[in-house]
Amino acid sequence: MIIRKPADINPSEITPESVFHGRREFLRRAGLAGTGLLAGSGCAAEEDPAEDPGTLSKLEVASGSPYSTDAEPNSLEDIMSYNNFYEFGLDKSDPARLSGDFRPRPWSVTVDGEAELTGTFDLDDFIRPHPIEERVYRLRCVEAWSMVVPWNGIALGDLIKRFKPTSRAKYVAFETVVRPEEMPGQRRGVLDFPYVEGLTMAEAMNPLSILALGVYGVSLPNQNGAPIRLVVPWKYGFKSIKSIVRISFTEKEPPTTWNLAAPREYGFYANVNPEVNHPRWSQAKERTIGTGFFGEKKPTLMFNGYGEQVASLYEGMDLRKFY
Amino acid sequence: MPSNRQIRFFLKPLVFLACTAPLAWIGLRVIGFGPSLGPNPVEVLQDEFGIWTLRLLLATLAMTPMRYALGKAWPIRFRRMLGLFAFSYATLHFANYLVLDQQFDWALILEDILDRPFITVGFVGLMLLVPLAITSTRGWQSRLGKRWIRLHKLVYPATILVCWHFWWQVKKDATEPLIYVGLLILLLGARLWHNRRGARVKTTGPTTS
């Protein structure tokens with residue numbers, strides 16, 4: 001599947017949430033969920049200014065996924081207005097307000113390190129062989145709030161195989177773009193930029209790990225990590241690094257930004273774990289974003305509820321030590 | 001210098017309105033006027049009530065240095081109102097935490113207060129303000145006499161704890177809490193400076209009361 005060139009399209013062409021939900025409901029009733037729903041199939045839509053996606057372009061989404069949750073996704077407005085993306089500012093509303101100058105195209109990604117195929121690739125070529133799936137994932141932030149996001153992305157494992165990592169590749173490191181002129185938060189230098197993250201090879205190859213290119217059938221908004229970001233739903237949100245420009249295969253555990261900033265508070269693994277509290281707050285429960293003043297807090301699930309898929313990765317590991 | 005009448009019928013009502021304005025503004029936003037509270041309104045309430053507590057505590061502590069600077073006693077007449085408003089916002093902050101944030105999960109609330117230093121510090125700060133609010137009336141003031149002044153010195157540790165509470169809950173950039181810490185240092189420093197000078201005047205020359 002190919003992402004269309006970033007021709008700006010009329011917001012009214014984008015599948016609105018109501019249609020999105022209607023379609024999911026239809027497919028669920030028909031027992032077809034996950035068997036090839038076509039997002040962005042050009043439904044006529046009423047304009048909804050609350051969803052004004054600006055210059056977002058439509059994505060060709062090939063299929064749904066058995067890994068999607070049945071939980072009701074948050075609105076696009078919630079997803080686009082409540083973000084932690086320090087490159088644009090510290091406040092949750094800063095990324096939406098201050099990311100207007102960011103140019104997600106043209107974009108290239110560099111692959112280097114312990115792999116047979118390395119180099120710098122145009123984003124379109126980088127992702128071209130891979131079908132874009134819809135993955136409706138729970139997102140749990142380390143700050144004890146959560147959302148449900150209908151990502152559109154490609155399986156990270158499939159992409160990694162294309163570059164033929166060598167036997168010495170034990171970890172995959174990721175790096176965010178540095179563009180202080182377009183990213184006002186980088187000019188303040190609150191964190192050591194570039195933002196860097198990493199996974200073990202096994203984590204990266206897990207079928208839950210994706211590189212997201214869109215949400216709700218449109219290309220990623222700047223504040224959500226345009227044009228390409230990682231999504232690892234069993235880990236706290238800060239692991240899911242945004243606006244990626246480099247992927248490196250390494251033999252040693254790569255440094256990760258929040259771990260460097262506060263090693264006692266943020267570990268390399270950062271798996272969602274209700275039993276290991278953040279030193280300054282409890283991780284036992286989470287607030288669901290978008291439920292207003294009286295939404296009940298939910299108990300947080302081990303591995304954010306993805307234990308069936310990922311618990312085996314950590315067998316025999318003391319998750320209190322490797323937090 | 002404002003006259004008694006001006007203070008009572010003009011300045012005090014004005015300060016009263018100014019102190020209720022943040023609450024009124026939040027209230028309007030809650031019922032849908034003004035900018036939306038966003039996808040996590042409980043967090044916005046928590047932050048707004050918290051920051052106004054600290055701002056009003058600093059305003060309360062600014063009255064004495066203002067008296068020194070002006071050489072007039074009238075700023076002191078605003079101190080009780082400002083202090084009680086600070087306490088009111090602190091109470092709203094804590095009530096929002098208990099009701100909307102933790103939803104009366106007493107086990108978690110207790111764990112928070114006992115195990116999480118930044119919450120412990122904020123809670124102790126609030127507890128220190130309780131006796132001050134209770135004894136803020138004229139009746140208590142005369143009943144306690146000199147001890148009233150000693151008791152009300154608790155506002156200093158309380159404000160220090162509130163600053164600390166703010167500083168410790170920040171994930172990274174501590175610029176904003178440090179600005180408030182700086183203001184607090186200025187306000188406390190002004191007292192020290194004034195008292196020192198006062199002491200020197202006392203030892204070196206005749207006092208003029």
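The chains referred to below are lettered A, B, ... by the order of the sequence lines, with proteins before strands, and numbering in each begins at 1. All values below were derived from every heavy atom in this structure, side-chain atoms included, with hydrogens, water molecules and symmetry-related copies excluded. Small disclaimer: the values here were computed from a predicted structure and weren't measured.
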Checklist entry - Taking every heavy-atom pair that is under 4.5 Å apart, which of Asp115(B), Asp105(B), Ile119(B), Asp112(B) has the most such pairs with chain A? => result Asp105(B)

Next on the checklist: So does Val276(A) get a backbone contact from the side chain of Gln283(A), meaning a donor-acceptor N/O pair under 3.5 Å?
Outcome noted: no

Item to check | Under 3.5 Å: donor-acceptor pair, side chain of Asn273(A), backbone of Tyr323(A) | outcome: no

Checklist entry - Where does Ile289(A) contact chain B at under 4.5 Å (heavy atoms): side chain, backbone, both or neither? => result both

Checklist entry - Under a 4.5 Å heavy-atom cut-off, does chain B meet the side chain of Trp258(A), its backbone, both or neither? => result side chain

Next on the checklist: Using heavy-atom distances under 4.5 Å, tell me whether Arg280(A) contacts chain B through its side chain, its backbone, both, or neither.
Outcome noted: both

Checklist outcome for this item: Whatever's closer than 4.5 Å to a heavy atom in chain A on Asn96(B) counts as neither

Item to check | Backbone of Trp148(B) reached by a side-chain donor or acceptor of Arg143(B) within 3.5 Å | outcome: no

Item to check | Test item: Thr175(B) and Arg188(A) side chains (from C-beta on) under 4.5 Å apart, heavy atoms | outcome: yes

Next on the checklist: Counting only non-hydrogen atoms closer than 4.5 Å, does Asn84(A) touch chain B with its backbone (N, CA, C, O), its side chain (CB onward), both, or neither?
Outcome noted: side chain

Next on the checklist: Assess, by modelled atom type and distance only, whether the side chains of Tyr86(A) and Asp173(B) contain a donor and an acceptor separated by less than 3.5 Å.
Outcome noted: no

Next on the checklist: Please rank Glu143(A), Met147(A), Glu265(A) by heavy-atom pairs under 4.5 Å with chain B and give me the top one.
Outcome noted: Glu143(A)

Checklist entry - Can we say Lys242(A) and Glu87(A) salt-bridge, meaning some charged N sits less than 4.0 Å from an Asp/Glu carboxylate O? => result no

Next on the checklist: Is Val170(B) close to chain A through its backbone or its side chain, or both, or neither, when contacts mean heavy atoms under 4.5 Å?
Outcome noted: backbone

Next on the checklist: If I measure from the heavy atoms of chain A, does Gln169(B) come under 4.5 Å with its side chain, its backbone, both, or neither?
Outcome noted: backbone

Checklist entry - Is a salt bridge present between Arg187(A) and Glu181(A), judged by a nitrogen-to-oxygen distance below 4.0 Å? => result no

Next on the checklist: For Glu296(A), which atoms come within 4.5 Å of any heavy atom of chain B: side chain, backbone, both, or neither?
Outcome noted: both

